[in-house]
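Chain A is the first sequence line, chain B the second, and so forth, proteins listed ahead of strands; every chain is numbered from 1. Because only heavy atoms are used, hydrogens play no part in the values below, and waters and symmetry mates are left out as well, while side chains stay in.
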2 protein chains.
Amino acid sequence: MTPDTLPKPRKSPVQARSAATVEAILEAAARILESEGLDGYTTNAIAKRAGVSVGSLYQYFPNKDAITAALVLSDSELMATRMQEVRASYTARPIRECIDALIDVAVCHQFDRPMLARLIDLEEHRLGQDFGLKAAKQKIVMVVRNLLESSEIDLPFDLDTTTQDVFALAHGITDAAGLNGETDRAHLNARIRHAVLSYLGLPTS
Amino acid sequence: MTPDTLPKPRKSPVQARSAATVEAILEAAARILESEGLDGYTTNAIAKRAGVSVGSLYQYFPNKDAITAALVLSDSELMATRMQEVRASYTARPIRECIDALIDVAVCHQFDRPMLARLIDLEEHRLGQDFGLKAAKQKIVMVVRNLLESSEIDLPFDLDTTTQDVFALAHGITDAAGLNGETDRAHLNARIRHAVLSYLGLPTS
DNA sequence: TTTTAATGCGAGCTATTGCTCATATTTATA
DNA sequence: TATAAATATGAGCAATAGCTCGCATTAAAA
């Protein structure tokens, strides 16, 4: 029914092999979500694909949701890191180029494994954000928000709304393209770029 | 006794009460998806909320997926009908007004029950499209495709791509707004209108 | 080496889910 | 009214899920 108490850590890996186990579990979970969807996403299947036993799995994760939460969190943190890096390395260059690079990061993140991205999105909302996810998400949003704020662009709506919509429309286009089986990432980038720039009132150039 | 010994397609409602049962089941299924998500979405729960027994449920649906498929299909058909109606009643008026009306239809469809819309979307891809869904989806797409084709707009990309992206970005913005708890539909409409029109290279007016 | 802690294992318990079937009740038909 | 057809019921079955627990194995500490 209502989401249970938050997934709390069980054991922390101390030796190298256990860290590898944890990593294998998370990777297996991602692969199963990607290839089998929620149907095949069982703890037994995860353990099997990871090459470990269920018992080992439950030594590091208190329950199934904790695995999903760890997956979701690491996904967001990776995204946050990448976007911050891009932003940092483009501070001295025209904003248009930074936008291009950020779009490419976002598209890469979602486009190659569309089903995984979609299911992670779904699980995010089921699990809530009380496990560090909110902070990671905030980092991601802030990159774009700060970029827009520091720019001289005359935004079509208020700063937060504009930021949210830019993310949302890019996400929507990528999602549709991914599920549609498209493979041309450059073309996808161009379309999102067009959508974002025109939404912001900038010349598509 | 029974003429057929093999599993045959389920009954079609003949009497009025059975039609009501079918309707109650579909409505209950939608309500459960909306309020409980996939977790609470069990056949027993559906039957209970519909006020019928599981046995009755399985007289009209061969399995759980058939319920979901019926839900998905009726959802798409409703959308197709509404969009075709709007398109028909706006043939003599400026294309901008038609776009506005179509956006409103799409937003209404998704915004009031965002979780339901999201889960229906997910299930669509799990179930495939071999139950009449493809036709309904095609109807929806065709409304916008024909509108764009017959217009004098210089499209930013080819017709199909542009059509898909317009849907996708509107969908993305609505999805984010819905999950974000927004309630101002007019404001949402304005934002999507801005996104669509600028994507199409039309003045936001 | 011996001892202790960390890690790994997987059969199987408990709860739940999708679904059936024998039976009961309501409606249509003769 | 009598008979058949349609509809409704819900206890319970088979399958499967999440998860535990006693024990085996490996690595670190003494």
Under the side chain to side chain contact (heavy atoms under 4.5 Å, CB included) test against A:Ser76, which residue among A:Glu124, A:Gln129, A:Gln138 passes?
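Result for side chain to side chain contact (heavy atoms under 4.5 Å, CB included) with A:Ser76: A:Glu124.
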Take atom [atom1] of [X] and atom [atom2] of [N], then tell me their distance rounded to the nearest Å.
X: A:Lys64; N: D:dT16; atom1: NZ; atom2: C1'; result: 12 Å
X: A:Leu38; N: D:dT16; atom1: CG; atom2: C1'; result: 16 Å
X: A:Asp39; N: C:dG18; atom1: CG; atom2: C1'; result: 13 Å
X: B:Ile32; N: C:dT17; atom1: CD1; atom2: P; result: 11 Å
X: B:Ile67; N: C:dT17; atom1: CD1; atom2: P; result: 14 Å
X: A:Gln59; N: C:dT7; atom1: CD; atom2: P; result: 8 Å
X: B:Asp65; N: C:dC19; atom1: CG; atom2: C1'; result: 13 Å
X: A:Ile25; N: C:dC9; atom1: CD1; atom2: C1'; result: 13 Å

Report each atom pair, protein N/O against N/O of nucleotides 21-23 of chain D, whose distance is under 3.5 angstrom.
none

Taking ring pair (Phe, Tyr, Trp, His ring centres under 6.0 Å) as the definition, give me every residue that meets it alongside B:His109, ordered by chain and number, with sequence neighbours left out.
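Scan of B:His109 (ring pair (Phe, Tyr, Trp, His ring centres under 6.0 Å), adjacent residues dropped) gives none.
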Collect all protein-nucleotide pairs involving nucleotides 27-30 of chain C in which both atoms are nitrogen or oxygen and the distance is under 3.5 Å.
none

Is there a donor in the side chain of B:Asp175 and an acceptor in the side chain of A:His171, or the other way round, less than 3.5 Å apart?
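No, A:His171 and B:Asp175 have no side-chain donor paired with an acceptor closer than 3.5 Å.
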Donor-acceptor pair between A:Tyr41 and A:Thr68 side chains, under 3.5 angstrom
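Yes, side-chain donor-acceptor contact under 3.5 Å.
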Pairs touching residues 186-199 of chain A that satisfy salt bridge (Lys or Arg N to Asp or Glu O under 4.0 Å), sequence neighbours left out
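Found A:Asp100-A:Arg193, A:Glu182-A:Arg191, A:Arg191-B:Asp165.
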Does anything in residues 72-87 of chain B form a salt bridge (Lys or Arg N to Asp or Glu O under 4.0 Å)? List the pairs, not counting sequence neighbours.
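Qualifying pairs, neighbours excluded: none.
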Between [X] and [N], is there a side-chain N or O to OP1/OP2 distance below 4.0 Å?
X: A:Ser56; N: C:dT7; answer: no
X: B:Ser53; N: D:dG10; answer: no
X: B:Thr21; N: D:dA8; answer: yes

Once you round to the nearest 0.5 Å, how far does OH of A:Tyr199 lie from OG1 of B:Thr204?
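That separation rounds to 10.0 Å.
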CG/A:Leu102 to CZ/A:Phe167 distance, rounded to the nearest 0.5 angstrom?
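Interatomic distance, A:Leu102 CG to A:Phe167 CZ, rounded to 0.5 Å: 8.0 Å.
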Within residues 42-52 of chain A: residues closer than 4.0 Å to DNA chain D (heavy atoms):
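Listed by number, they are A:Thr42, A:Thr43, A:Asn44.
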pair B:Gln164-B:Asp160: side-chain heavy atoms closer than 4.5 Å
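A side-chain contact under 4.5 Å is absent here.
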Main chain of A:Asp158, side chain of A:Thr162: is a donor-acceptor contact present, judged purely on distance under 3.5 Å?
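Yes; at least one donor-acceptor contact below 3.5 Å.
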Could you check whether any side-chain N or O of B:Ser18 sits under 3.5 Å from a backbone N or O of B:Thr21, counting only pairs where one atom can act as donor and the other as acceptor?
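Pair absent, no side-chain N/O of B:Ser18 close to backbone of B:Thr21.
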Tell me, yes or no, whether the heavy-atom count around B:Arg31 atom CZ, taken from other residues, nucleotides or ligands under 6.0 Å, exceeds 12.
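At most 12 heavy atoms, drawn from other residues, nucleotides or ligands, come within 6.0 Å of this atom.
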Tell me what B:Tyr60 touches on the nucleic acid: a base, only sugar-phosphate, or nothing, going by heavy atoms under 4.0 Å.
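Result for B:Tyr60 = sugar-phosphate.
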